[in-house]
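Working notes, beginning with the structure itself.
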Amino acid sequence: MNPEPSTETPQDDSQADIRKVQEFWNNNVLFSGESMHEPGSKQWFEEHEATIHTDCLPGGVDPIYTLGLDVASRILDVGCGPGFWVRYFLRSGYANVSACDLTPTAVDMTRKSLDLFGLATQGEITQGNAEDLPFADASFDHVNCQGVIHHTPNTLKCIEEFSRVVKPGGSVCFSVYYKNFLLRNKALLTLATGMMKKFVYLKGRGREQMLTNDPEELVRRYDGQDNPIGKAYTYKELKGMVAPWFTVEKRARQFFPARAFPFPFPKPMHVFLHRRQGLMIVLSLRNKA
């Protein structure tokens, strides 16, 4: 099936290429700069997991991430980073979990974390580009990819690759940054960032100065001052991008980073903001092939 015209953002035409993305994330692994513990130590992995559960997913891991799976499912985690999702699936009873990441640092950290926590998988952990996955056609029942393909030059190619490596009728769950009402309205964004600029920030990777009234720059800076690529999408844009290969079974908003604020949020409020104003949009898809 021929894909519809891409709805990629103009930032895809920039000079930032996959080598620059690889270099940045190899030197700035996810969660770097946020912990006092040595990256790759057991304490560091434990703190990262705790941050995901309490801040990134305060309402618990939504069923959208495992929709329709059973323990026999062959799962691929694309862009595994420090290995959170690999460990989550293994601890949840899925024995056959493979993973890949663009950077050797992330691959090494994921493997190390499995050793540290006494986990083993029947799948492989390897280096690989989401735009050109190093796996055979129809190798998996499910592809998981959280917060990854908005950082690569050709996001649409990643979606096509998900369709190639997942079996006919198989499932995919991925998330990207959501182009919310502030990112679609520069006047409101300017007002909001002006009010929050002095006290809203995240530690590490130069994110203390991430707030700006430029929507594309704000998204890029969110993951680091030198992050080469960051993109956000509306649901309409994403639906058009996945349509050649997938049907959308479910969507959700996730991830409101309360830790970026200088005051604590009551948990019910945090969960509400996470589900209604989350920075990410998560799609659960079914392969048409």
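For the single chain, residues carry numbers from 1 onward in sequence order.
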For [X], ring-ring contact (aromatic ring centres under 6.0 Å, His included) partners two or more places apart:
X	answer
Phe261	Phe256, Phe263, Phe265
His53	Phe84
Phe140	Phe135
Phe31	Trp44, His48

Residue list, side-chain hydrogen bond (donor to acceptor under 3.5 Å, both in side chains) with [X], at least two apart or on another chain:
X	value
Asn28	none
Asp55	Arg259
Ser98	none

Only pairs at least two apart or in different chains count here, so list each salt bridge (charged side-chain N to carboxylate O under 4.0 Å, His left out) that has a residue in [range].
range	answer
residues 124-141	Asp137-Arg164, Asp141-Lys167
residues 269-285	none
residues 72-101	Glu49-Arg87, Glu49-Arg91
residues 245-256	Asp62-Lys250, Glu249-Arg286

Report task. Please collect all ring-ring contact (aromatic ring centres under 6.0 Å, His included) contacts where either partner lies in residues 185-228, sequence neighbours excluded, each pair once. Result ->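 Found Tyr177-Tyr222.
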